[in-house]
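Report on the following structure.
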Amino acid sequence: MTHLSKFTFKSVTRHIQQPDPVATRRTKIVAAIDQQKLVLAAAVKGETYTIAQKRTVTNDTGEAVQLIKPRTIRPWFFVQDDGWYVQCRYGLRVLLIDGKHNAVFAKNLAQVAEVLDALRDATLAGDLDQALALTIKSGKRHDG
């Protein structure tokens, strides 16, 4: 122990800090909204927005090989009733944004961008925390 005699020894219990679930949800929705802005930019150009997704598959010889496949991101906005509807999603679930309604109406694609910006700001401010909690608790998709 002569090599370690110059150090101070103590017994300690490590406290693991759990991430805040509300902050984690906010971060996830903000990232998804940012991705929807890219989907919107592609839609304005008449293109489809895709991301590269890595998959590991087994080939004929039994080796695990990584493939990169394009994955289309579905937009949260759609045309209906002479305008655009924007829904905010958490995974597969559609949020009831104001507690009753699951979509925001926009007259054109420019307003869709404004709605996405407003949803992002509302998420960061904590305005959608209650809608998120209700959606997760109920487990319903609210597509209706």
Side-chain angles (χ1 to χ4, degrees), residues 1 3-4 7 9-144:
M1 283 279 272
H3 297 290
L4 299 175
F7 297 109
F9 294 95
K10 293 185 177 183
S11 295
V12 66
T13 303
R14 186 174 182 176
H15 298 287
I16 299 173
Q17 187 176 11
Q18 297 293 328
D20 180 23
V22 174
T24 304
R25 287 185 212 133
R26 285 182 190 171
T27 303
K28 183 177 176 180
I29 287 190
V30 167
I33 291 171
D34 290 341
Q35 191 175 52
Q36 285 299 311
K37 288 181 183 181
L38 297 172
V39 172
L40 178 62
V44 167
K45 294 178 186 176
E47 301 171 357
T48 302
Y49 180 74
T50 59
I51 60 171
Q53 187 173 30
K54 293 180 181 178
R55 297 253 177 176
T56 303
V57 295
T58 306
N59 63 10
D60 297 336
T61 61
E63 298 173 324
V65 179
Q66 228 180 29
L67 295 177
I68 298 176
K69 290 185 161 185
R71 182 177 144 227
T72 302
I73 304 297
R74 292 184 181 174
W76 291 358
F77 48 91
F78 54 92
V79 177
Q80 188 171 313
D81 300 332
D82 296 327
W84 293 83
Y85 285 96
V86 182
Q87 294 180 320
C88 186
R89 293 179 171 267
Y90 185 76
L92 293 176
R93 299 179 184 118
V94 177
L95 298 181
L96 294 177
I97 298 168
D98 64 351
K100 299 176 190 173
H101 304 99
N102 67 0
V104 178
F105 182 78
K107 294 180 183 179
N108 52 38
L109 278 177
Q111 279 191 339
V112 170
E114 292 176 25
V115 171
L116 289 174
D117 288 335
L119 286 172
R120 187 180 197 283
D121 294 341
T123 301
L124 290 173
D127 295 343
L128 295 182
D129 289 348
Q130 185 177 8
L132 262 169
L134 289 173
T135 300
I136 291 170
K137 184 178 177 183
S138 72
K140 294 181 183 177
R141 292 182 57 182
H142 302 293
D143 288 337

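Nothing fancy with the numbering, it's 1 onward along the sequence.
- Summarising the geometry, atom CG belonging to L119 is positioned 7.5 Å from atom CH2 belonging to W76; distances are rounded to the nearest 0.5 Å.
- We find the OG1-CG distance between T27 and D20 to be 9.0 Å, quoted to the nearest 0.5 Å.
- Pairing each heavy atom of Q87 with each of A103, the nearest pair is CG-CB, 3.9 Å.
- For the pair Q66 (side chain) and V57 (backbone), a donor-acceptor distance under 3.5 Å is absent.
- Put simply, CZ on R55 and CG on L67 are 10.0 Å apart, with the number rounded to the nearest 0.5 Å.
- Rounded to the nearest 0.5 angstrom, L95 CG and R89 CZ are separated by 9.5 Å.
- Put simply, CD1 on I29 and OG1 on T24 are 11.5 Å apart, with the number rounded to the nearest 0.5 Å.
- Considering CG of D82 and CG of N108, their distance stands at 12.5 Å, rounded to 0.5 Å.
- Two residues are said to be in side-chain contact when any heavy atoms from C-beta on lie closer than 4.5 Å; V39 and F77 meet this criterion.
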Next item on the list: Start with the C-alpha distance between W84 and Q111, add both sets of side-chain angles, then the distance that settles side-chain contact (heavy atoms from CB on, under 4.5 Å), and finish with yes or no.
Entry: CA-CA 9 Å; W84 293 83; Q111 279 191 339; over 6 Å; no
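- Between the side chain of D98 and the backbone N or O of K100, at least one donor-acceptor pair lies under 3.5 Å.
- Residue I73 comes nearest to Q35 through the heavy atom pair CD1-NE2, 3.8 Å, listed as atom of the first residue, atom of the second, then distance.
- Checked by atom type and distance alone, the side chain of Q36 never pairs as donor or acceptor with a backbone atom of L116 at under 3.5 Å.
- Between Q80 and F78 there is a side-chain heavy-atom pair separated by less than 4.5 Å.
- Smallest separation of non-hydrogen atoms from T72 and T50: OG1-CG2, 3.6 Å.
- Contact check on D117 versus K37 returns a salt bridge, with a Lys/Arg side-chain nitrogen under 4.0 Å from an Asp/Glu carboxylate oxygen.
- Shown here for A42 and T48, the closest heavy-atom pair between the two residues is CB-C, 4.3 Å.
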